[in-house]
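Only one structure is covered here, and it is reproduced in the block below.
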Amino acid sequence: MTEKNKKLQRWLFSLRRYFSFFLLMAFVISCCMMLFLNGLEETTGISLTEEKIGHAARVTFLNILFLSLLCTVIDGIRRRFMVDRPVNKIVKAAEQIRKGDFSVRIPPLRFVDDGSGFDVIAECFNQMAQELSGIETLRTDFIANVSHELKTPLAVIQNYGTMLQQPGLPEEKRLEYSRAVTEASRRLASLITNILKLNKLENQQIYPACAPYDLGEQLCECFLSFESEWEAKDLEIDTDVEEGIRTDTDAELLSLVWNNLFSNAVKFTEPGGRISLSLKSEGGYAVVRVADTGCGITPEAGRHIFEKFYQGDTSHAAQGNGLGLALVKRVIDIVGGDISVSSEVGRGSTFTVKIRRVQDGED
């Protein structure tokens, strides 16, 4: 819309407001005058001539014109300071948001009536801008991290694939390079699978299929699937699983939680260490604790451990992609549970998961 059209619209809007005030005042003042004159004639007995009535009508008409103009001007000034100014600030801020500037904030709106609601709109707008700024930062970091994580296995595959093409390569080297390509491919496939799972979870494309089941049985089945790994590292296993604890959640989603926690416990525990699994009922909750005697994490790492691609122990980075605990946290949030971690460097970590259990008689 051109500036000329905007000015024309403003004039037309002012003209409409003027006629609105004119019609309103003409109706109200005419009714009041008629009632006043009738009351005056009945009370005093004064007879009003046509000339006097005509003069009074002309004076009243002029007063209506003047008062309508005065009200239009006052209303225009009021709208300029109490409506147009805050609206323009909000529109300009929205334009900056549309252009990708999420740092914009609407300053406190002055000359605004407390009951107008603009202060509430400005506060909600600033909160929205802050949330969008955080989401944009996460998106940028996520893309950067994904690009970095994808480059690593792809570079391994490319380098070892090139070396496999060397003529006269010994069988021992060929097998070594092939295993490296296979491992990098496995890691790449795992990364892509976890990214897709996390994307579905964060966009709520996976909805819990809740059904009561025995939580102890599920924990034991998931734990036993890592038997070959803990036997290879000669780990001591300690289990304390209370029987008869049932939960009403999505079993498939929760299996992601247990598999990731058990996998991390085995991965970060040195050979000859110990892993503990316990399941207890506490009030209306089932409490699962997975503990290990691994390397542990620092308090700083503990604050970021559930973030995407964060790896507190970089010495094991080749065995994971930093998405496992992000998946765990998202699943726990979806099923309405709670997860926490306590850890000490050099002494191990304990992950505690609390989820609602099925009380007796609820099935």
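Since we're looking at a predicted model, the values are computed, not measured.
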Side chain to side chain contact (heavy atoms under 4.5 Å, CB included) partner of P170, chosen from R174, K173, Q166: K173
Checking side chain to side chain contact (heavy atoms under 4.5 Å, CB included) against I275, which of I237, D238, T293 comes through? I237
Determine, stepwise, if the pair K267 / N264 fulfils side-chain contact (heavy atoms from CB on, under 4.5 Å). CA-CA 5 Å; K267 178 172 69 175; N264 284 343; 3.8 Å; yes
Could you tell me whether R179 and E176 have a side-chain N and a carboxylate O separated by less than 4.0 Å? no
With a 4.0 Å cut-off, would you call K92 and E95 a salt bridge? no
With sequence neighbours left out, write down each residue that passes side-chain contact (heavy atoms from CB on, under 4.5 Å) with D214, or none if nothing qualifies. E217
Run the side-chain contact (heavy atoms from CB on, under 4.5 Å) test against V87 and tell me which residues pass, sequence neighbours left out. V83, V91, F118
Do [X] and [Y] touch side chain to side chain, with heavy atoms closer than 4.5 Å?
X	Y	answer
F262	L277	yes
C210	D248	yes
T182	Y160	no
D250	I334	no

Looking at [X], I want to see if its [atom1] is surrounded by more than 12 non-hydrogen atoms of other residues, nucleotides or ligands under 6.0 Å.
X	atom1	result
F125	CZ	yes
E231	CD	yes
R347	CZ	no
E243	CD	no
Y213	OH	yes

Do [X] and [Y] share a hydrophobic cluster, counting only Ile, Leu, Val, Met, Phe, Trp and Tyr and linking them when any side-chain heavy atoms are less than 4.5 Å apart?
X	Y	result
V353	V241	yes
M128	F102	yes
M163	V181	yes
F351	V345	no
I90	V104	yes

[X] side chain vs [Y] backbone, donor-acceptor pair below 3.5 Å:
X	Y	value
S343	I297	yes
K89	I106	no
E229	V266	no

Does the gap between the ring centers of W258 and F226 come in under 6.0 Å? no
Heavy atoms only: give me the nearest [X]-[Y] pair and the separation to one decimal.
X	Y	value
P212	R246	CB-NH2, 3.5 Å
I245	A286	CG2-CB, 3.7 Å
L235	P271	CD2-CA, 4.3 Å
T269	R274	CG2-N, 3.9 Å

Apply side-chain contact (heavy atoms from CB on, under 4.5 Å) to T247 and Y285, showing your working. CA-CA 9 Å; T247 185; Y285 292 92; over 6 Å; no
Spacing of [atom1] belonging to [X] relative to [atom2] belonging to [Y], to within rounding of 0.5 Å:
X	Y	atom1	atom2	result
N259	C222	CG	SG	4.5 Å
Q127	R105	CD	CZ	10.5 Å
S340	R289	OG	CZ	8.0 Å
L215	E242	CG	CD	10.5 Å
T350	E344	OG1	CD	10.5 Å
R357	E282	CZ	CD	10.0 Å

How would you list, by chain and number, every residue that makes a side chain to side chain donor-acceptor pair (under 3.5 Å) with D101, sequence neighbours excluded?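 By the side chain to side chain donor-acceptor pair (under 3.5 Å) rule, D101 matches Q96, S103.
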Working for side-chain contact (heavy atoms from CB on, under 4.5 Å), residues I355 and L254: CA-CA 10 Å; I355 54 177; L254 272 187; 3.6 Å; yes
